[in-house]
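Throughout, protein chains are lettered first and strands after them, A, B, ... in sequence-line order, and every chain is numbered starting at 1.
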Amino acid sequence: MAAATGLLAACGGSDDRFPDRIQPAIAPDGTKTLRMGNGAEPQSLDPDESSGVPAANIEVNLYEGLVSHAADGKLIPGDAKSWDISANHKTYIFHLRHDAKWSNGAPVSAQQYVYSLRRSVAPATASPYADIHSPIVNATAIVDGKKKPATLGVKALDKHTLQIKLKKPTPFFINTLAHPSSFPVYPPAVKKWGHSFTQPGHAVTNGAYQMESWRVNDKIALKRNPYFWDNKDTKIDRVVFYPITDGNSELARYQAGALDWTSGVPTSKIQTIKQHIPGQYHSVPTLGSFYLDLNVTRPPFKGNRKLRMALSMALNRKVMVNKILRGNEPPAYSWIPTVVRGYKSVQFPWADWPAKKRIARARQLYHEAGYSKDHPLKAELLYVSSSESEKRISIVAAAMWRKVLGAQITTTNQEWKVYLQTARRKIDTQIVFAGWYGDYQDPNTFFSIMKSGSGNNYTGYDSKVYDRAITASEHTPSGPKRTALMHKAEKVLLHDSPIIPLFFVTAHHLIKPYVKGFVHNPLDMYSARFFNIVPVNNSRKSQ
Amino acid sequence: MLSYTVRRVLGAIPTLFVLLTLSFLLVHLAPGSPFDTARQMPPEVRANLMAKYHLNEPIYEQYGRYLYNIAHFDFGPSYQYKDTSVNSLIATGFPVSLTVGGFALLIALALGVPLGMLAAVRQNHAVDYSASAFALLGISIPNFVIGPLLILWFAVDNDWLPAGGLGSWESYVLPVIALAVAFIAYVARLMRASTIEVLRSNYVRTARAKGLSSYRIFFIHVLPAAILPVVSFLGPATAAILTGSVVIEQVFGIPGLGRFFVNGALNRDYTLVLGITLFYGIIIIFFNLLVDILYGWLDPRVAY
C-alpha cells in the first residue's frame, strides 16, 4: 500500500516540478546538431512517393526545388535563380543557378528536372501527388496512361534553362513547385538503386543536407551537403529527426535534454508549459482548418439550408478553442484560414454578433427548418477514434446543439481507415468531423476540395455557381479579378453552409532557447539551414 | 526424441499454411485500403498505385503471388514504409525486440523464480506477504504507467538514464525494467503456487522422512517439479516478449517489431502484417517445441 501511495504522489507531483535541461548538442570539434521530434516515421523519402508532414519536414532539408520557402514560408528562388513568365502566363522559363550541385558534387541540370517531373507523373511511379502537376501540358493525360511521359510540357532549353508550358494560366503554379513532389531526383541513383535510392549510401540530394543514417522508427540523421549552393550560410551541421508519435514521450525527451524541438505539445500540458517555460513554447497559426461536413446528399441536411445554418450559428467556437483546445487556435468563421497570404477571407455576416443575438437567430432558423422541441433534429456526428481533441470537440458541439436548439446529436467514432471509407461513401453519414491542411500557399488548396467532383468533399456539395467561380479563379492571373472570383465563391459556400468551420489549426512547438532563427511559418515546415545553435548561458535550468 | 522433433517440425508446415491463409483473408477483409489517405487521390492516380502493388488483381492471384514470394523467403515490399522491404524491417526490428525482451525475460526468471520459492518456503510470513504484494502490484500496474514513471524519475527529474530512443547500453535499462516488472510478478506467483503444492506432495515428505538435507530436497526434488508451470508459461511468453511490446516501444521510442506490427495493421500494410504474423507463428511453434522437449527432460513421467 505504501508503494501505491508513493506512486500516486509521484504522479500528482509531476506538474509542480518542471525540469528542463538546456545543453545544446555541440561536439568538441564544434559540430552543431539539431535534434527534432518529427511526429511519425515518414512513409518514404522519395519526393515522388511520399506524402504527409513527417516526410515533407525531412525532404525540405534534403532537397531544393526550382523555388523554395524562406524561414517564414515566403516563396524564394531555389535552384532557379530567376524565371520569366510569358505574356499569356502559359510559359515559364527558369534560369538555374550555375552553382546548384548534388551532394556528390555533380551539377544540377535542367535535364534532371525534366527527368524528375516526367517521373512524377508517370503511371509506373504511381505518385500520390501526381495530380499536383496537372496545370502542366499533358500531365493529366500522362497520369491517366493516355500519353507517354515524354510528352509532358517540360523541356530543357540548355543545361541551365528549363521551360515549362501550362495548359492554361495558373496563378498558383509557381507555389506547387516548392512542394516536395516537384523536387528533383538524381537520375543515376534512381536508375541504379530503384525504390531504395533514398537509403544512406545510395541517396544523392541537392538540398542543404544529405542522408547520413536511417533506422526506421528510431531516427533519421542528415549531415551537411558541402556542395549546396548556400552552404557557407548554413550553420547547423547535422539534423536528426526522431519519429515519436506519443506526445508525452516527446515532451519527456525534450525535458531530459535529448530533443531541441518538439513536433507538438500534448494539449493537457499546454497550461503547465506556458507557466514554467513560456519562452520555449511557440504556437504557430498554420494552413489548416477543422470543420464539420454536413452530408447534403441525404436527409436531414439535403435541401435544408436553414437547418445547416442553424447548426453552424448555434456553436460557440470561442468556448471550443479557449476551454477545450487552449492552444491559441483562431475560431473559424470563414472557409479560408486567416494566414493565407494575399487573400482576405469572407466571414459569416454573424461572426461578430453578440452571443444572444446569434443564438436567437439560430433558434429561429431551426424552427423555420421544421424542427422544434417536440420534433427535434436527430443526427449522428462521426469522428476519428484516435483523436482525443476531435472527441472532446464533438462532445461539446453535441452539448451546445442540445442546449441551444434541443437537437439530439449523438457522437460516434471509427478507426481512421474505416472513417475515411465511411465519410467518402456518403451513405451512412450525417455530420463528419474533418480537417484539411493546405499543400501550397494559395487559397486554391482549400477552395478546390469543395468543388463538386472533388474526392475530398465529404458533403456532396454541388454548386454550379461555386464551381464556375473557382474554376475561373484557377486560371485568372493574380489580381483583383481573381480575388473577386474567390470572394464570390467563399460567400456562396458560407451561405449554403455544407460545412461548419470550427477553428484553424495552430501548430505547437517547444524550442530550446539556444536554437536561433525560428520565425512563424504558416506551412509549419522548416529547413534547418535557416537555424543556428548558440549556447545562451552555462546554467542547467532555464527560466 | 529426434523423430518426435522431426514430426513436430513437419507438423508445423500445415499449421503455418493455415495461419497464413487465414491472416491473408482477414487483412484483406478489413475495411479501407493501404492507400486511403487524408487527401484522396484522383481515381487514375489511385489506380496506378493499386496496379503498382498488384492490388488490382483478383484476390486468388494476389494470394498465389504472395505464396510464391514466401516460398522464396520474400515477404514483399512494405506498403507503409515504401523505401524498404518487409524482410529488412523484420531484420532490423527483431534484434531490438530480442535484446529488450531477452533481458526482460532473463531478469523475470532470475528474480521471479527465487522470489516465488522464498515466498512458498516462508508461507504466511512477512517475506511471503511482501512478495505477494509486489506481485500484485507488478501485475496490476500496466506498463504504460510504469514506463512514463520510470522516465520521469530516472531521466527527467534525475539525469541518470536516457528518456528514450536507442543508443548506448544505458538506453536499454529503463525499457527492460518496465517490460520485466509484470513478468517478474507473474513468474513469482506461478512459482510460489507450484512450490507450495510440491512441498506438500508425498515424495517430498518421503524425502524428508529419509532424512535428506533441506538443500538436497529443495534443489533435487522440489525445484524441477515446481518449475514446470513456469516452463509451460515460458513458451508463449518468450514468443510474445521477443516479438516486441508495442506499449514499451511506443513509450520509449524503440524501433522494435511490436510497433511495426501495430502500425502495419492500422495502416493496412498487408505485407508487413502478414510477414510479422508468419514470423511470430514460427517463433511460437519453435518455443512450444522447445518447452515440450524441456518437459521431457524435467519430468520423468513425460516420454516421447
* To do: Counting only heavy atoms closer than 4.5 Å, note whether A:Arg253 contacts chain B via side chain, backbone, both or neither.
  => both
* Under 4.5 Å from a heavy atom of chain B, the part of A:Tyr419 involved -> neither
* Specify which of A:Ile449, A:Thr140, A:Asp439, A:Asp131 makes the most heavy-atom pairs with chain B at under 4.5 Å. => A:Asp131
* **Which atom of A:Ser249 lies closest to which atom of B:Gln250, heavy atoms considered** => OG-O, 3.8 Å
* **Contact check, side chains of B:Asn263 and A:Asn217, non-hydrogen atoms, under 4.5 Å** => yes
* Asked: At a heavy-atom separation under 4.5 Å, does A:Ala258 approach chain B through its side chain, its backbone, both, or neither?
  -> neither
* Can you tell which of B:Thr37, B:Asn158, B:Thr92 has the highest number of heavy-atom pairs within less than 4.5 Å of chain A? -> B:Thr37
* Test item: A:Asp144 side-chain N/O and B:Glu44 main-chain N/O as donor-acceptor pair under 3.5 Å -> no
* Which atom pair, heavy atoms only, marks the closest approach of B:Arg259 to A:Pro243? -> NH2-O, 3.2 Å
* Shortest non-hydrogen contact from A:Ala256 to B:Ala163? -> CB-CB, 3.8 Å
* Proximal component of A:Asn248, with respect to chain B [non-hydrogen, under 4.5 Å] -> neither
* NZ of A:Lys451: more than 12 outside heavy atoms within 6.0 angstrom? -> yes
* Checking A:Lys417 side chain against B:Leu266 main chain: does a donor-acceptor pair fall under 3.5 Å? -> no
* B:Phe103 atom CZ: more than 12 heavy-atom contacts under 6.0 Å -> no
* **Residue of the set A:Gln414, A:Glu415, A:Gln421 for which side-chain contact (heavy atoms from CB on, under 4.5 Å) holds with B:Pro31** => A:Gln421
* Looking at B:Val96, B:Thr84, B:Ile254, B:Leu166, which has the largest count of heavy-atom pairs under 4.5 Å with chain A? -> B:Leu166
* Structure fact -> When the 4.5 angstrom heavy-atom criterion is applied to A:Ser386 and chain B, the contacting part is neither
* Which one of B:Asp36, B:Leu136, B:Leu49, B:Asn48 has the most heavy-atom pairs closer than 4.5 Å to chain A? -> B:Asn48
* **Residue, of B:Met50, B:Gln80, B:Arg268, that accumulates the most heavy atom pairs under 4.5 Å with chain A** => B:Arg268
* Pairs of heavy atoms under 4.5 Å with chain B: top-ranked of A:Thr422, A:Val121, A:Leu45 -> A:Leu45
* **Side chain to side chain, B:Val45 and A:Val143, heavy atoms closer than 4.5 Å** => yes
* When heavy-atom pairs shorter than 4.5 Å are enumerated against chain B, which of A:Arg424, A:Glu41, A:Glu250 gives the highest number? -> A:Arg424
* To do: Taking atom OH of B:Tyr186 as the centre, report whether more than 12 heavy atoms of other residues, nucleotides or ligands fall under 6.0 Å from it.
  => no
* Asked: With a 4.5 angstrom heavy-atom cut-off, which part of B:Phe252 approaches chain A: side chain, backbone, both or neither?
  -> backbone
* Rounded to the nearest 0.5 Å, what separation is found between the CD atom of A:Gln255 and the CG atom of B:Asp159? -> 12.5 Å
* Asked: When you measure from the side chain of B:Arg39 to the backbone N and O of A:Pro128, does any donor-acceptor pair fall under 3.5 Å?
  -> yes
* **Any A:Gln43 side-chain heavy atom under 4.5 Å of B:Tyr79 side chain** => no
* Side chains of B:Asp83 and A:Trp214: does their closest heavy-atom pair fall under 4.5 Å? -> yes
* Locate the shortest heavy-atom distance separating A:Asn456 from B:Ala38; write the atom from each residue and the value. => OD1-O, 3.4 Å
* To do: Give, as side chain, backbone, both or neither, the part of B:Ile151 having an atom under 4.5 angstrom from any heavy atom of chain A.
  => side chain
* Structure fact -> If one checks every heavy atom of B:Ser33 against chain A at 4.5 Å, the contacting part turns out to be backbone
* Atom group of A:Ala122 that falls short of 4.5 Å from chain B, counting heavy atoms -> neither
* Given that the side chain runs from C-beta out, which part of B:Pro43 has a heavy atom under 4.5 Å from chain A: side chain, backbone, both or neither? -> neither
* **More than 12 heavy atoms of other groups within 6.0 Å of B:Arg46 CZ** => yes
* To do: Give a yes or no answer on whether the side chain of B:Lys82 reaches the backbone of A:Glu49 with a donor-acceptor pair at less than 3.5 Å.
  => yes
